Protein chains: 2
Amino acid sequence: MSTPTAGAPRRATISDVAREAGTGKTSISRYLNGELSVLSPQLRARIEAAIERLDYQPNQMARGLKRGRNRLIGMLVADLTNPYSVEVLQGVEAACHALGYMPLICHAANEVDMERRFVQLLTTYRVEGVIVNALGVSEETLRPVGGGGIPAVLVDRSVEGLVADMVGLDNEGATALATRHLVERGFDQLWFVVQPFAHISSRRQREAAFHQALRQYPQASGRTVVLELDDADELAQTLSALDAELDAAIAAREQRDGALASSAAPRVALFAANGPVALALARHLNQRHGANWQKRVALLSIDDPEWAELAGITTIRQPTYDIGYRAVEFLHERIDGAQASARDCLLPGELIERASTAR
Amino acid sequence: MSTPTAGAPRRATISDVAREAGTGKTSISRYLNGELSVLSPQLRARIEAAIERLDYQPNQMARGLKRGRNRLIGMLVADLTNPYSVEVLQGVEAACHALGYMPLICHAANEVDMERRFVQLLTTYRVEGVIVNALGVSEETLRPVGGGGIPAVLVDRSVEGLVADMVGLDNEGATALATRHLVERGFDQLWFVVQPFAHISSRRQREAAFHQALRQYPQASGRTVVLELDDADELAQTLSALDAELDAAIAAREQRDGALASSAAPRVALFAANGPVALALARHLNQRHGANWQKRVALLSIDDPEWAELAGITTIRQPTYDIGYRAVEFLHERIDGAQASARDCLLPGELIERASTAR
DNA sequence: TTGTATGCGTTATCAT
DNA sequence: ATGATAACGCATACAA
């Protein structure tokens, strides 16, 4: 059994190559930067050979130091556990590839100090720009970014006090679309379930848009339920309470409509503000009532994770890939010096109808 | 509306701080590196003030260049879409934090040339080590890593011809555990479903271990089904065929056991080699037969994604967090110069029993 | 066409 | 205790 590498044996530098090729460093540098027209064929050949022999690879750190830009951009992700983030990431990566950037992916894992630590780190590495899917807790921690600092574009969430471009879902349109769908399907009690707002703008926007949209439908009533996903005890408690209220609502309806109404019982619909909320709801209901829970209550969610099809959940699918792609394009313009005032790019969602909201 | 930053206004350097504090760069450097004992209180105060005033932050690129190490390690992930990867990643991040490393996350998205491009990039950035969840297609693309190149540790999969440490699931143990569970539950036809092996060692290992384990149970028979997830048409076709065979198997059993056996019909179990396969199977079966599919056939999967509980799937949960954490620890030892021969670290899986394998 | 010299922002060596 | 000065690996203005 052979032994893997330990201390690296010092890599070849540009000077080594120059010596090996019997020339100066300048020519090597020229070769590396594709200034081929100014190199005699012989020299060029010697350089090529030397590079090959020494397995030379230019040191990007040194390069970046010298030229003042390193083609690095930071991608600060709040929660990679959320499929939404991964999908956005794929758009980001594609755009970076196309535009010649290298994204440094930083995963805050929903921890505020992680976020702080990462923006700190990204600035000390002199990234040329940052794409931020922020925790949004405080503009404080994002100080070095946006506004007077390095160019930034926000994804999904804007953060108060931070002036920067932003791209995300058209929350108002998406929510209206979903609400309308539920009402048209005959649900007249709509419960909007959302995580604690914290400072997360998209949650607030969706909730506001929900109540706004509801005003168009006098036949339906709505309420907001806040669900804390990160605390198992509190979550279980809230879900139990919710379940009890559901029982009451169903009982009330049955009583009002008479016995024959039981077949038309499920008139309340749960509207999950995002995928994680929907998963928590579905898990709870499923555990409590088995696969039959869908007969008790409807469920619709913003975000369209892979399992939604399996569980037959109606969703609003976000244009995640495009969101990521556009974000990088925005950032690219800023890095190139665009000075326009902060722009918002709101992309439309798409309704995916499934069994969970059928009659 | 204010306008975001464009071209950065050149950050302060160590020289700027020195001038501002009326001293030399050396003292600033000393201050930054915590050599506080050799600084007079007055100078120290002046430096502190200057740094504050100029909002100075040391340039890590330059630092790394000078000291020859940058505390960067690469984390090459084959597929972030797989929850397994994200979970491993969390262990990696925690360990990096603890050991003072900064992980550069690179997402190959199952593309071979992406993988090649990233190892190239990581070496030119002179990362001190790499954790690789490889596509495994060819040792060729990983040449600069492991063996004679920069220290590397493999995760989940080893790649032929590449000598390096490796940490992952104890595939043999986990598969045996699962097989035994299925047999004990009374299933006597076990179909092991796995993606094309390509060069992915863990798939091969699990399949081999499956047939190996099966030899202990003469009452049960097994076979391997290869499922190509990336080609929708081929996938649909294979799944249909599978479904037909399932019908045949059920019919055969009913005939043999007589009419009364129909209640005890489901004696065939699907053993998914990993989470993505399980999802594909569940989606198909659910779409074809509705929620009742669980009455037709059992399902067990290695990997325990979030939706498994919702769908009631029995799984083998991998110690993902530990896998990531251990990987970084291994790497750390190599970076520090450990010369031992390549080690393997195989961690045990845990059986999570759910409805999908009940009688 | 090719090479020399200087500097990017830091740290390390050596004086003072 | 403090400060010049020389590298680190590379790119570029300038000279040849």
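Below, chains carry the letters A, B, ... as their sequence lines are ordered, and counting in each starts from 1. Values in this document were obtained by computation on a predicted structure and should not be read as measured data.
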Using whole Å, what does the distance between atom C1' of nucleotide D:dA7 and atom NZ of A:Lys66 come to?
15 Å

Roughly, in whole Å, what's the span from CZ in B:Arg69 to P in D:dC8?
18 Å

Presence of salt bridge, A:Glu333 and A:Arg343, under 4.0 angstrom
yes

Axial bend angle, the helix from C:dT1-D:dA16 to C:dT16-D:dA1: five-pair end segments, nearest 10°:
40°

Taking any heavy-atom pair under 4.0 Å as a contact, classify A:Thr124: base, sugar-phosphate, or nothing.
nothing

Using atom CZ of A:Arg67 as one end and atom C1' of D:dA13 as the other, report the distance to the nearest whole Å.
16 Å

Atom CG of B:Asn59 and atom C1' of D:dC8: how far apart are they, to the nearest Å?
13 Å

I need the A:Leu142 CG to A:Leu76 CG distance, nearest 0.5 Å.
7.0 Å

Pull out every residue in residues 45-57 of chain A that has a heavy atom closer than 4.0 Å to any atom of DNA chain C, ordered by number, or say none.
none

The answer to which of B:Ser27 and B:Arg126 contacts DNA chain D further toward the 5' end, by nearest nucleotide, is B:Ser27

Donor-acceptor pair, distance only, cut-off 3.5 Å: does the side chain of A:Glu115 make one with the backbone of A:Ala134?
no

When you list every nucleotide of DNA chain C with an atom under 4.0 Å from a heavy atom of chain A, which one comes first 5' to 3', and which comes last?
C:dT1 to C:dG9

Separation of A:Ile14 atom CD1 from D:dT12 atom P, in whole Å?
11 Å

When the nearest nucleotide of DNA chain D is assigned to B:Gly22 and to B:Ala62 on a heavy-atom basis, which residue is associated with the more 5' position?
B:Gly22

Between P on D:dC10 and CD1 on A:Ile28, what's the gap in Å once rounded to a whole number?
10 Å

Spacing between A:Arg19 atom CZ and D:dG9 atom P, to the nearest angstrom
11 Å

When you check the gap from the basic side-chain N to the acidic O, do A:Asp16 and A:Lys25 get nearer than 4.0 Å?
no

Look up atom CD in A:Glu329 and atom CG in A:Asp322, then write down how far apart they are to the nearest 0.5 Å.
9.5 Å

Counting any heavy atom closer than 4.0 Å, what does A:Ser29 reach on the DNA or RNA strands: base, sugar-phosphate only, or nothing?
base

Could you tell me if B:Arg117 and A:His97 have a donor-acceptor pair between their side chains, going purely by distance under 3.5 Å?
yes

Taking atom types as modelled and ignoring hydrogens, do the side chains of A:Tyr31 and A:Glu48 form a donor-acceptor contact shorter than 3.5 angstrom?
yes

Protein-nucleotide distance (B:Met61, atom CE; D:dG9, atom C1'), rounded to Å:
14 Å

A:His332 ring center within less than 6.0 Å of A:Tyr101 ring center
yes

Out of B:Asn133, B:Ile131, B:Leu331, which one pairs with B:Val92 under the side-chain contact (heavy atoms from CB on, under 4.5 Å) rule?
B:Ile131

Does the cation-pi check pass for A:Arg11 over A:Tyr56, that is, NZ or CZ under 6.0 Å from the six-membered ring centre and within 45° of its axis?
no

Please determine whether a side-chain nitrogen or oxygen atom of B:Thr26 lies at a distance below 4.0 Å from atom OP1 or OP2 of D:dG3.
no

So for B:Arg30 and D:dG3, does any side-chain atom that can act as donor or acceptor lie under 3.5 Å from a complementary atom in the base?
yes

With distance as the sole test, does B:Asp165 use its side chain to make a donor-acceptor pair with the main-chain N or O of B:Arg334 at under 3.5 Å?
no

Between B:Asp79 and B:Ser85, does a side chain to side chain donor-acceptor pair (under 3.5 Å) hold up when you go through it step by step?
CA-CA 7 Å; B:Asp79 179 16; B:Ser85 306; over 6 Å; no

